[in-house]
Each structure stands twice: as C-alpha cells, then as structure tokens.
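Read the numbers this way: they start at 1 and go in the same order the structure lists the ligands and their atoms. We're numbering straight along the sequence, starting at 1. In this text, all values refer to a predicted model and were calculated from it rather than measured experimentally.
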Amino acid sequence: MKKLVFLTGAGISAESGIPTFRKAVDSLWENQSIETVCVSGCLDLNADIVHDFYNNLRKKYSQCKPNSAHLDIAELEKKYNVVVITQNVDNLHEQAGSSKVIHLHGEFLKCRSISDPEVIFDIPENSNGDRNTYDGMMINGHEVRPHIVFFGEDVPNILLAEKELRDADICVVVGTSFNVYPAAGLVGFVDVDKPIYYIDPDPAYVQDYPDLKVIKATATEGMKKLIEILDNETSI
Ligand code: OAD
C-alpha cells in the first residue's frame, strides 16, 4: 500500500461546527486573547482564566461530529497506509475511525501532568457530564493542566511527524493557513518527487512550495475531488 499522509488544520473541522482560528469572526479565541490563554507561562499568570477557557471550549464543541472529509480520510485506510498529522485539538479524526492520528498541538479532552508531560489522562467526567480541569487539580498523584501545546512551548510530536512525512508517497494538506510553525514547515520533509495536494477554499500562498497542487474547495468538497484524482492515478 502507498503511504498517504494528511496534514490537517482547523479548516477540516469547520464544517463540523468548530470555527477556524484566524478567519472566523466567532473564533475560538472570541473572549480571550491568545496571549492570555495560549502562550507559554499563561497558567502561572492566569490559571483560572486558562482553565475556564478550555473548560468552555470542551463544553461548546465536544458534541461536534466528524464531517465527510474526516470520514473519507478514515475510509482511505482500505486502500492506503494512511497517517493523519493534525494541528487540531478536537478528536474528530478518531471519531471518524482514523487509526493513526498524531496531534501536534495537544488534545482538548485530555490533560497532562505538569511535572511529567508524558503522563497524559482523559479528563474525567464530573456529575454534570462536563470535563473540567482547574488550578491544583490532581489525578493519580499528578498535578494536571490542559493537554494543549501553548505558543512558545515545544511540540513533542514534531519529530514523529517529520519521520512520517519523509517516506510519504503522497501528502495532502487540508484546511490550514500555514501560519504556525513548526507545523507549517512540515511539507518540507516530503520527498521532492512526491505530490503534495492542498485543499482549502482560501488557500495560503506558500512561497517555499510553489509546486503544491491546490484544490480550492472546502474540506468536504475537496476530499471528493482528491479521491477522484487518486482513483484516476491508480487506474492509469
Ligand atoms: P487557521 O484558522 O489559521 O486557518 C484555517 C484554514 O482553514 C484557512 O486557510 C481557511 O481558509 C481554511 N478553511 C476555512 N474553512 C474551511 C473549510 N470548510 N474547509 C477547508 N478549509 C477551510 O487554522 P490552522 O492553520 O489550523 O494552535 O491554525 C494553526 C494553529 O493556530 C492551530 O492549531 C492553533 C492556532 O493558534 C494552537 O492551538 C497551538
């Protein structure tokens, strides 16, 4: 099986009702600045605001369901060795059935130990059915924080992502503005001879990779077009 690596961003979840970061008026950052809730050290300065922010995010979006783009990617596992590298903190790829998902920026339904970042827990549901964290919360003897990679923090899965891209036969980027590094630089690890498709209704101009094959469409429409292209290539 050929290895097909997807690099997904907020755009793939837009049609599931989760707004993108930079374009939407009603963005995820609607009530708070990124500096307050998503930069290294923010928990030391604004612990309650940060916990509340991610608690609200979980409550607001945890009922969202995968759309046909997530489902198509999962379905492609029947024909390809599919790896999904996502910048998203939702779990829609997993809900859709993708079996290999690498999260670059964390997962909003999880929390992790402050002293040992490799110790990760599902956030337990409370009696109201909410999954909340709070300052000083302990699980199994670990003080925990939201499992979100804040700006200025290391991206622990970046080396794993690079490794997956180095031997990709095909790379497909879906719904990202190529604004946030190191994720935005990952396509540079794809072999120069291998095709890179980029599905986005408002694609960024990616100066360093002029050979990107742009599919100007939403994630759900673009995935259908991609599947046609892949089917045609296979049948030649
Ligand atoms: P952005 O919000 O920067 O970009 C979203 C992209 O999705 C844009 O290029 C849109 O044109 C595109 N888009 C919008 N609707 C779409 C649709 N229906 N189908 C497909 N694409 C669509 O989101 P990211 O590039 O993912 O980091 O942002 C990267 C990181 O910045 C995030 O992971 C987050 C944020 O700050 C952290 O949380 C650390």
So, does F151 sit close enough to ligand 1 that a heavy atom of it is under 4.0 Å from the ligand?
yes
Hey, does E15 come in under 3.5 Å of ligand 1, counting only N/O atoms on both sides?
yes
Can you sort out which atoms of ligand 1 are near V149, meaning under 4.0 Å from one of its heavy atoms?
39 (C)
May I ask you to check whether F21 has an N/O atom sitting below 3.5 Å from an N/O atom of ligand 1?
yes
State whether the side chain of E15 and the backbone N or O of A219 hold a donor-acceptor pair below 3.5 Å, judged by distance alone.
yes
Main-chain N/O of H103 paired to N157 side chain as donor or acceptor, under 3.5 Å
yes
Under a 4.0 Å heavy-atom limit, does V180 contact ligand 1 with its side chain, its backbone, both, or neither?
side chain
Say whether P201 and ligand 1 are in contact under the criterion: heavy-atom distance to a ligand atom below 4.0 Å.
yes
Short question: side chain of N126, backbone of G129 - any donor-acceptor pair under 3.5 Å?
yes
With heavy atoms and a 4.0 Å threshold, my read on which part of Q87 contacts ligand 1 is both
For G9, atoms of ligand 1 separated by under 4.0 Å from a heavy atom
26 (O)
Going through the checks in order, is the ring-ring contact (aromatic ring centres under 6.0 Å, His included) test met by Y198 and F178?
CA-CA 11 Å; Y198 173 28; F178 282 91; 5.1 Å; yes
Does H105 reach ligand 1 with a nitrogen or oxygen that is under 3.5 Å from one of the ligand's nitrogen or oxygen atoms?
yes
Between K100 and E164, is there a side-chain N and carboxylate O pair less than 4.0 Å apart?
yes
Just jot down the ligand 1 atoms closer than 4.0 angstrom to any heavy atom of T218, in number order.
18 (N), 19 (N)
Can you confirm, on distance only, whether ligand 1 has an N/O atom lying under 3.5 Å from any N/O atom belonging to N179?
no
Please check if the side chain of R131 supplies one atom and the backbone of L109 the other of a donor-acceptor pair under 3.5 Å.
no
Quick one: do R166 and D191 make a salt bridge, cutoff under 4.0 Å?
no
Please tell me if the side chains of T36 and C42 come closer than 4.5 Å, counting only heavy atoms from C-beta onward.
no
Evaluate C38 for polar contact with ligand 1, using N/O atom pairs at a separation under 3.5 Å.
no
